[in-house]
Structures are given as C-alpha cells and as structure tokens.
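Owing to the predicted nature of the structure, the values given are computational and were not obtained by experimental measurement. Throughout, protein chains are lettered first and strands after them, A, B, ... in sequence-line order, and every chain is numbered starting at 1.
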Amino acid sequence: MIGNDWHMIGRWMWIIIGCMNRIMLMLLVMLALVTTVEGQELLRDRIDTEIGLNPVTDDGSQSICTDFEFIRRVYIDVTGRHPTAEAVVTFVSDQSQKKREQLIDQLLSSPEHARRLQHHFDVMLLQRLPKKQIELTNWQQYLFESMHSNKPWNQLVHELLTVDGTDAATRPAARFILARELKREETVRAIGQTLLGRDLQCAQCHDHPSVGDYLQRHYYGISAFLSRSYLFTDPKSKVVSIGEKAEGDVKFTSVFTNEEDATSPRILDLDAIDDPTIEEEPYVVKPDNNNRGVPKYSRRLQLASELTSEANSAFRLNIANRIWALYMGRGIVEPLDMFHADNPPSHPHLLEELAQFLVDQNYDLRTLTREILLSKTYQQPSKRPSESQNSEPFVIAELKPLSPEQLGLCLLQATGVLQTIYEKHRVALTEGEDAIDETTAEFKTNLEAAVNKETATHLDKVVTTFASANQSSRFDAAANQALFLLNSPLIQEWLDQPENLLIKKLKSAENVSEAVSHVYITVLSRNPSSDELDLASDLVREFDSEQVAGYQHIIRLLICSAEFRFNH
Amino acid sequence: MASHRNQGCNVLDHRMSRRNFVMGASAAAGFGPLLTPAMAKQAKGQQKQILQVYLQGGVSQFESWDCKPGTKYGGPFREIQTTVPGMKICELLPYTAQKMHLLSIIRSINLKTNDHGVGRLFMEKGRTVGDYPYIGSVASRYLKNANDPLPGYIHISTRGLTDNTAAFLEAQHGQMKLEGVAPPENLLPRTGIPESVLTKSEQFRLQLNKQFGTGRSKSLIDSYDASFDQASQLMARKHLFESQPEKDLNRYGHHPFGQNCLLARRLLEEGVTCVKVTHHGYDTHAENFNFHIEQLDEFDKTFATLLGDIEDRGMLDNVLVMVYSEFGRTPKINNKYGRDHWGASCSIALGGAGIQPGAIIGATNADGTEVSDREVDGGHLFHTYMQAVGINSTSDHDIPGRSVPIGDPAASAIEELLA
C-alpha cells in the first residue's frame with residue numbers, strides 16, 4: 001500500500017510539474033503579448049536592431065541623413081520624382097519634430113504613390129512585355145487603382161492568376177497570363193521569379209546544374225497547375241480568354257539523363273496536390289470550338305490558393321524581400337529571384353519578421369512600407385563619414401539608380417515641365433462650371449490622371465532609352481544613355497517650351513546667383529556650395545547675351561551628374 | 001517522386017573553369033598600366049573580334065552553300081569550283097568562291113523550327129527559349145578591353161526589331177543599333193554653346209561627380225562616368241558616320257549593303273568587338289530564284305571585298321567571320337516559284353579567328369531534305385563561335401549571385417572545326 005501511495009504521490013508530482021510547465025509557458029506567452037502591446041517594440045525599431053544600427057555615434061550625435069537628403073530620397077522612393085524647390089524649402093524650414101513622419105504619411109496616401117507603385121509592379125510583373133489582348137492603359141489603370149486602394153498583395157496575386165478574361169470589369173488582370181499567351185516557359189518562369197523569388201529558367205530542361213535547390217520537378221510542379229489551361233478565342237467576338245480542361249498530366253525529360261518523370265501540381269517542395277475525385281461529369285462547361293471549357297475542379301484556381309497559402313513561406317518571403325529592396329536599394333536576399341541555400345539572406349531573422357508582419361497585417365504593403373521608411377536604417381546618410389567605417393549592408397544607405405520611370409519623371413521635374421503640367425491642369429480643374437475643390441480626394445485623383453496622360457509620351461522616350469529587361473537591381477549605364485542626357489534635342493524642347501514655369505522664374509530672378517541657386521534646388525534638391533555657385537555663375541556669364549541659355553546649360557549639366565542619376 | 005539529380009555538368013568543373021576564365025578576362029582587361037606601349041599594341045592586335053553578316057529572312061541553302069544541281073529540288077542553278085579543291089558552292093557566289101580557302105561550311109544544321117523569331121534567337125543565343133544574351137553581347141562582355149573607346153557590339157541594319165540583346169549582362173553590352181550609316185541618335189552636340197564653355201563644363205561635371213562620389217560606391221559612379229567617356233569617344237568619331245571614302249565605296253558598292261559593310265570594316269578597325277551587318281530580304285516565299293539572283297549579287301561582291309580587306313589587313317587571325325540566317329528554305333518549290341521556311345537542314349559559312357578554314361562539316365542527303373551526317377543545332381554553333389574567339393562556353397557567366405552557363409550545357413562545340 002505504501003508503495004502504492006508513493007506511486008500515487010509520484011504521479012501527482014509529475015502532473016503538478018507538468019502543469020507548472022504549462023503554466024510557465026502560458027505566463028511566458030502572456031508576458032510576450034504584454035511586451036508587444038506595452039513595450040511598443042515596433043517593426044521600425046526591430047529593423048534598426050536587426051541591422052545592428054548604432055544610431056548614436058561616439059560624440060553623442062545621431063547618424064541620420066539631413067532634411068535635404070531625406071526629402072529628396074523619400075519623394076523619389078514614394079512618388080517617383082524628386083520634390084519641387086518650394087517643397088524642399090518648406091520642409092527644411094519646418095520646425096515640427098514629427099515632420100518626417102508627417103511627410104511619409106502624406107506621400108504614402110497620395111495618388112502619386114499609387115502611380116509609382118503602378119510603374120514598379122508593372123515592370124516587375126510584366127517585365128516590359130508588349131501589348132497582347134489587353135489594352136495597356138486598362139492594365140495600368142487596374143494596377144493604379146489596386147495600388148491606390150492599397151489592395152492586399154495576396155488578393156492582387158489571386159486576381160492575376162484566377163481572372164479568366166471573360167468579364168470586362170476584371171479582364172485587365174488577365175494580362176499577367178495573356179501577355180505570355182500561357183506559354184509554359186514564360187508563365188512558369190514569371191511565377192517563379194516574381195511571386196516565389198526563384199528563377200527556375202534553367203530547371204526547365206534539367207535540374208539546375210549548379211543551384212542545388214532548383215529542380216526540374218519544381219518547374220513542372222508549377223507547370224502542372226497551368227497545363228490544362230488554354231487560350232480560347234470566342235468564335236463571334238474573337239475575344240481571347242482563358243479556358244481549362246479537366247484532364248492532362250505533366251511529364252518531363254531531362255536533356256542530360258533522358259530520364260522521364262512526372263509530377264502532380266505542387267509548389268516547390270510542398271506536398272503534391274491531387275485532383276479531387278469528381279463523380280460523373282467533370283465539367284461545368286465542356287470545352288469545344290464554341291465554348292470555353294470550365295471544369296468543376298480548376299487546377300489554375302487551385303494554384304492561386306496554394307501559392308498564397310501560409311504553408312508556402314516562399315510567397316511571403318519573396319514580397320517582403322522585394323518591398324525591402326524597393327526602398328533600401330538591395331534585397332536581404334540578392335539577386336531578388338535567387339532564393340536558394342547557397343545564397344543565404346544577409347539578415348535571415350529580419351526577413352522572417354518582415355514577412356510575418358505582412359501576414360499579420362493581411363499583406364498590407366503600405367503599412368510595411370511605412371515602418372521601413374520610419375526606421376533609422378532607411379534614414380541613414382548614403383555617404384560614409386570615413387573610409388574605415390563598417391561596410392555591412394544597410395548600415396549606410398545604398399545608392400539607388402533611378403528606374404527609367406523615375407528618371408523620366410525627375411527629368412521632367414528638373415526641366416520645369418512637370419510643374420508646368422501640374423499647374424495647367426490644376427487651373428483647368430478648379431475653374432469653370434465643373435470646378436472641383438482642391439482639397440478633395442477627387443481633385444487629387446483627377447489631377448493625377450490628367451498629368452499622367454500628358455506626361456506619358458515624354459516618359460516613353462526616356463523609358464525606351466534607359467529600360468532593359470534586366471531583373472536585377474544592379475546599375476547599368478550605356479553610351480546611348482549618356483548621349484541622350486548630353487545632347488538630346490527632346491530635353492532642349494522641354495526647356496524651350498514658352499509656358500515653362502521654371503524658365504519664367506529664372507528669367508525673373510534678381511541676379512545670376514539667385515537663379516543658379518534656384519536651379520540647384522530645383523534639380524538637386526539642395527543649395528549650391530559657394531564654390532559651386534561661383535563656378536556655375538561664371539559659366540552662365542559666358543553666354544553673355546543669352547542668360548537663359550546659360551541657365552538651361554547648367555540644368556543640362558546637373559542632370560548629367562551622378563548625384564542626379566542616383567537616389568542617395 | 002523520384003529525386004534523382006541530373007549531373008550533366010559537375011559543379012566543381014563549373015567553378016574551376018570559371019575561375020581560370022575570370023582570371024584570364026581580368027588580366028586582359030586590367031593590364032593597361034603594367035605594359036609598355038609596344039606590348040599593349042601587340043596585345044591589342046591579339047584581341048578577338050567578330051563580324052556577323054546576317055542574311056535576314058533565311059537564305060536558301062540550295063542557292064548558296066549546299067547546292068543539289070540536277071536533283072528533284074535542286075533548282076535552276078549550277079555549282080562552281082572554289083579555291084578549295086572539292087568544295088563547290090552555288091554559281092550565284094562567284095566572288096565569294098574565290099575566298100573560300102578562308103572559310104568553312106557547315107551543312108548539317110537542324111534547328112527544328114520554321115519560325116523566324118525562334119530561329120533567329122537560336123542562332124544568336126544558342127538556345128531556343130529563355131532570357132540569354134546574344135553572341136555580340138557575350139563577346140562584348142568578355143572580349144572588350146575596358147579602355148576600348150567604342151561600344152562593344154554594334155549592329156548596322158536598315159530596319160528590324162530592337163531586342164534586349166544583353167539579357168542579364170550589363171546594358172553597355174547591349175547592341176548599339178545603327179540605322180545604316182546614319183550617326184547614332186543624339187550623337188551631335190547641342191548648338192549655341194560657346195567654345196569657351198565646353199571644356200569648363202566637362203570639368204564641372206567631373207568635379208560634381210568626384211565630390212558626390214567621395215564616401216560612396218566607387219563602382220557605381222565609375223561605371224556611370226565610363227558611359228559618358230564612351231559617349232564622348234563616339235562624338236569624337238562622328239567622321240565615321242559623316243561620309244564613306246569614295247574609293248572604297250567603288251569597291252564595296254554604293255548600295256546600302258555596300259555602305260554598311262564598309263562601315264563595318266572601319267568599325268572593326270576602330271576595335272569594336274562585335275560588328276553585325278544585316279542584309280535584308282531573303283524571305284523568298286515567291287520568286288525564290290529571281291530574288292536570290294538579285295540579293296546574292298549584291299551580297300557576293302561586297303562580302304568578298306570585305307573579307308578580302310580583313311585578310312589584307314592581317315586581321316583575319318583575330319576576327320571570327322560568320323554568314324548566317326535564322327533558317328534555310330524548303331526543298332519543295334511552291335507554286336509561286338518560292339521556297340518556304342525550313343529549319344531542318346540548313347547551312348552557314350564561317351571563318352577567321354580559331355576556325356579551321358577550307359572544311360566542310362556535315363552533309364544533307366542527296367535531295368537535301370534532311371541532315372545525313374554530323375547533325376548540329378544553334379547550341380553547337382554558339383559553343384563553336386565562342387570557343388573560336390577564346391571564350392570558354394562551358395563555364396558560367398561572371399555574374400554575382402547567379403550561375404548561368406554561357407553555352408547550353410546540353411550542346412557542345414564542333415571540335416573538328418576549331419583550329
């Protein structure tokens with residue numbers, strides 16, 4: 001009996017100890033919850049900690065970029081263009097403690113931010129493919145609206161993969177697939193690169209010869225989701241949309257080994273997705289010459305769910321890395337489409353946190369962007385104070401080459417054209433019978449639409465000269481681009497427009513140095529140093545009779561500078 | 001699920017060959033200050049270059065390099081003797097026939113496509129699909145001396161598509177397209193700038209970049225500055241585009257192809273790594289024979305003159321010359337006396353640099369309907385071109401963070417053609 005008692009006591013003790021473990025665990029969890037709420041460990045601070053930023057230097061001063069640098073950087077990153085001279089002057093003289101946060105919020109909610117993201121995601125998702133089936137303006141409008149309403153990323157991707165193109169209202173989203181005509185090599189590659197961070201191109205014909213993680217079955221696993229889909233041309237309207245069959249499997253052969261293999265749909269190394277058993281009729285609409293096939297079970301719709309599901313960490317890590325790279329100038333995994341074991345992230349824990357933040361925030365890209373921009377890491381100077389300083393990534397701000405679209409907008413801004421166009425449409429919208437109040441959201445959106453329309457042709461020229469399909473964020477420069485900046489008659493046309501407000505302002509300046517200072521702040525968002533002021537003023541005076549030509553010349557020199565070419 | 005790995009090429013091999021290769025490339029690019037002028041000149045003389053003559057639309061192999069006179073599909077033309085005993089080509093190429101001891105012919109190309117776009121990409125990139133750089137961009141990337149003033153890849157054409165030829169390589173290795181002999185866009189300086197301002201302006205720009213560059217990424221700013229250097233070198237050579245020497249034009253022909261080929265020679269002399277000249281108009285779905293008389297008449301004398309000039313200048317040891325199309329033409333003659341697209345058995349001619357001259361590689365059957373010996377495709381050709389100019393096409397591209405084989409690992413060079 002005694003033995004039994006001891007046995008009982010022993011059991012109770014184990015149970016108590018077991019409970020204590022659980023209680024301890026619960027307490028820890030609660031503590032953790034409290035600290036997240038109470039301790040305010042905001043993502044922006046977590047970023048700085050993970051980067052290992054030491055924002056206070058030895059002499060007690062904070063390492064942070066100047067207001068001039070900050071306003072230029074954040075304008076280009078968020079709106080795609082640098083600030084007007086007036087915006088710079090106002091911001092720099094603002095004494096408010098919260099002015100950076102206020103500016104970030106103002107810019108993030110502006111339609112200009114939506115346009116910037118429209119440009120960015122257009123290039124990322126469509127890789128500058130030519131028009132096919134879908135009007136480019138409709139696609140651009142769809143992206144603009146998605147970005148302006150801050151549509152969750154998973155929802156956007158879901159639309160890109162599932163829209164079949166039969167409904168005019170949602171048809172523009174089908175461009176992701178229709179522009180590639182559902183060609184396997186293009187569509188699967190684009191999904192891998194842009195949505196999963198993996199360029200599986202080499203895995204099409206064989207397992208990647210030197211990237212151990214990229215296997216042929218990864219490529220064909222994604223391919224299997226799409227292999228039953230096909231382009232359907234309506235016999236009457238000739239409209240092309242996406243149909244799907246209910247059967248067909250994917251086989252592949254390695255060109256090296258000639259071994260044949262097969263795979264069900266699967267995302268990378270996740271489990272294969274077997275088709276559900278469907279009794280009797282597998283079709284909602286049977287495919288034939290007159291009817292677009294619609295199966296009861298669609299592998300393509302399944303792809304959208306599987307790809308964006310929580311089980312697929314590649315989806316969230318990819319977009320977290322891409323948003324980070326967009327504002328920080330390089331990815332935590334770089335190149336952005338080279339996630340694999342031999343190319344580890346520079347800050348793995350941070351990348352996980354950014355991705356988890358996105359999941360917790362329902363893939364709200366704007367909120368993530370806001371935290372990144374508010375971090376001290378984002379607001380570091382790009383200039384190293386001394387050679388000896390630590391060159392770990394992100395400890396000083398990277399130089400970001402302007403994208404072709406950013407460069408185009410900045411050129412229009414620097415030559416006074418953008419401001420002139422804005423002013424023209426502002427007046428048009430606020431006068432006359434249909435006048436709109438300038439403070440309304442409607443006004444802002446209409447103004448942006450009108451300006452976009454008018455700048456489109458100017459932008460196209462710059463984009464064709466500077467664009468390459470290069471997916472990496474490496475910087476490129478070619479002679480024809482330099483020739484464009486140096487000599488292009490187009491830029492001269494912009495500067496010679498009679499209504500150009502910048503040139504008018506320079507003409508009315510009191511003296512040469514006032515005008516030159518205005519040129520500097522307009523083009524480079526900063527004041528000239530006294531040496532620069534002297535040198536530039538001397539150059540202007542060499543154009544003795546025609547001072548305007550002198551100012552134009554200084555503008556053209558400044559737009560050829562590296563300081564202008566990079567966001568810094 | 002089988003989890004076998006395809007070990008087509010060994011990772012270690014990749015790394016080893018890449019290292020050797022990169023060392024070779026950096027030695028070639030970086031020795032400027034270490035060499036005496038004489039040595040530098042000698043080294044420059046050894047720099048490999050490429051001349052591509054692209055017969056756009058698909059030249060007929062029957063009417064050029066692979067005649068089948070007197071056979072079912074042979075067409076009306078005879079074959080003629082060349083300077084290589086036993087090597088016969090079509091009578092439409094009499095001048096080229098006198099230069100065949102400088103060239104070799106490949107008659108056994110099967111591209112497995114009859115599509116212009118796919119065929120062209122296969123011939124340029126050595127792959128049928130995917131985002132890979134063109135021959136000219138790869139050459140520019142690995143052969144161009146960092147100090148060479150002109151762009152590494154210039155394409156002279158009178159029309160055609162703008163391709164992203166550099167793919168993942170740097171933009172400076174993308175082709176610079178010239179519309180015939182017209183100067184590149186934006187080449188001419190702005191007017192109305194006082195002479196006194198020009199030098200000061202250049203100093204002003206350099207000073208600005210120097211100041212901005214202090215404490216910032218040197219490589220980015222250097223490559224930006226380099227593009228302006230290249231631009232000003234081009235501007236300084238605007239004479240190349242102003243007029244072609246009359247005496248030479250009389251030899252090359254005054255027609256656009258003649259002018260373009262003359263410009264090509266002058267650009268090669270200026271050290272441009274890869275010059276491509278396109279001769280348009282070989283897509284002869286109707287009147288194949290009349291069109292070939294016209295087209296090849298223009299091609300033959302001009303090309304033979306250009307090849308002769310390259311040889312006379314002692315450049316042929318270092319210049320790979322290739323004459324190619326996106327495919328050939330059907331054996332069957334259609335009811336409009338045309339021949340249609342045919343990728344299954346076509347030919348090219350090539351020579352110079354590391355190519356054995358005077359050889360005939362492969363063969364087609366008696367009627368020319370299929371390859372009967374030594375079948376090759378665009379992948380094999382790409383490896384062959386690259387190795388002929390000293391690029392190890394079995395190594396990987398020198399791109400940070402990526403591992404992309406230069407040539408298709410499933411194909412290899414035509415070894416017997418390499419000198």
Item to complete: Show the numbers, then the answer: is there a side-chain contact (heavy atoms from CB on, under 4.5 Å) between B:F204 and A:L558?
Response: CA-CA 9 Å; B:F204 181 86; A:L558 294 184; 4.1 Å; yes
Worksheet item: Where is the tightest heavy-atom contact between B:S227 and A:A482, given as atom of each residue plus distance?
Response: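 So the minimum-distance heavy-atom pair works out to O-CB, 3.4 Å.
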Fill in: Which atom of B:Q230 lies closest to which atom of A:A479, heavy atoms considered
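Closest pair (atom of B:Q230, atom of A:A479, distance): OE1-CB, 3.3 Å.
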Worksheet item: Roughly how far apart are B:S217 OG and A:K383 NZ, rounded to 0.5 Å?
Response: 13.0 Å
Practice prompt. On the 0 to 90° scale, with breaks at 30° and 60°, tag the A:F566-B:F212 ring pair as parallel, tilted or perpendicular.
Written response: parallel
Worksheet item: Looking only at side chains, do A:E563 and B:Q211 share a donor and an acceptor under 3.5 Å apart?
Response: no
Worksheet entry | Test item: side-chain donor near acceptor, B:R205 and A:S561, under 3.5 Å | no
Worksheet item: So B:L188 and A:N487, side-chain contact (heavy atoms from CB on, under 4.5 Å) or not? Walk me through it.
Response: CA-CA 7 Å; B:L188 303 178; A:N487 301 333; over 6 Å; no
Fill in: Carboxylate-amine/guanidinium contact B:R216 A:E398, below 4.0 Å
no
Could you check which of [options] has the highest count of heavy-atom pairs closer than 4.5 Å to chain A?
options	value
B:S232, B:G192, B:S219, B:P189	B:P189
B:Q203, B:E185, B:H173	B:E185
B:M235, B:M176, B:Q233	B:M235
B:V197, B:L208, B:D225	B:V197

Worksheet item: In terms of heavy-atom pairs under 4.5 Å, which option from A:L486, A:L485, A:D199, A:L535 contacts chain B the most?
Response: A:L486
Item to complete: Select one option (side chain, backbone, both, neither) describing which atoms of B:L234 are under 4.5 Å from chain A's heavy atoms.
Response: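 B:L234 touches chain A through side-chain heavy atoms alone.
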Discussion item. Can you tell me which portion of B:F228 sits under 4.5 Å from chain A's heavy atoms? Options are side chain, backbone, both or neither.
Written reply: both
Worksheet item: Heavy-atom count around B:E195 CD within 6.0 Å, excluding the residue itself: above 12?
Response: no
Worksheet entry | A:D531/B:Q207 under side-chain contact (heavy atoms from CB on, under 4.5 Å): CA gap, chis, key distance, verdict | CA-CA 11 Å; A:D531 281 357; B:Q207 177 56 33; over 6 Å; no
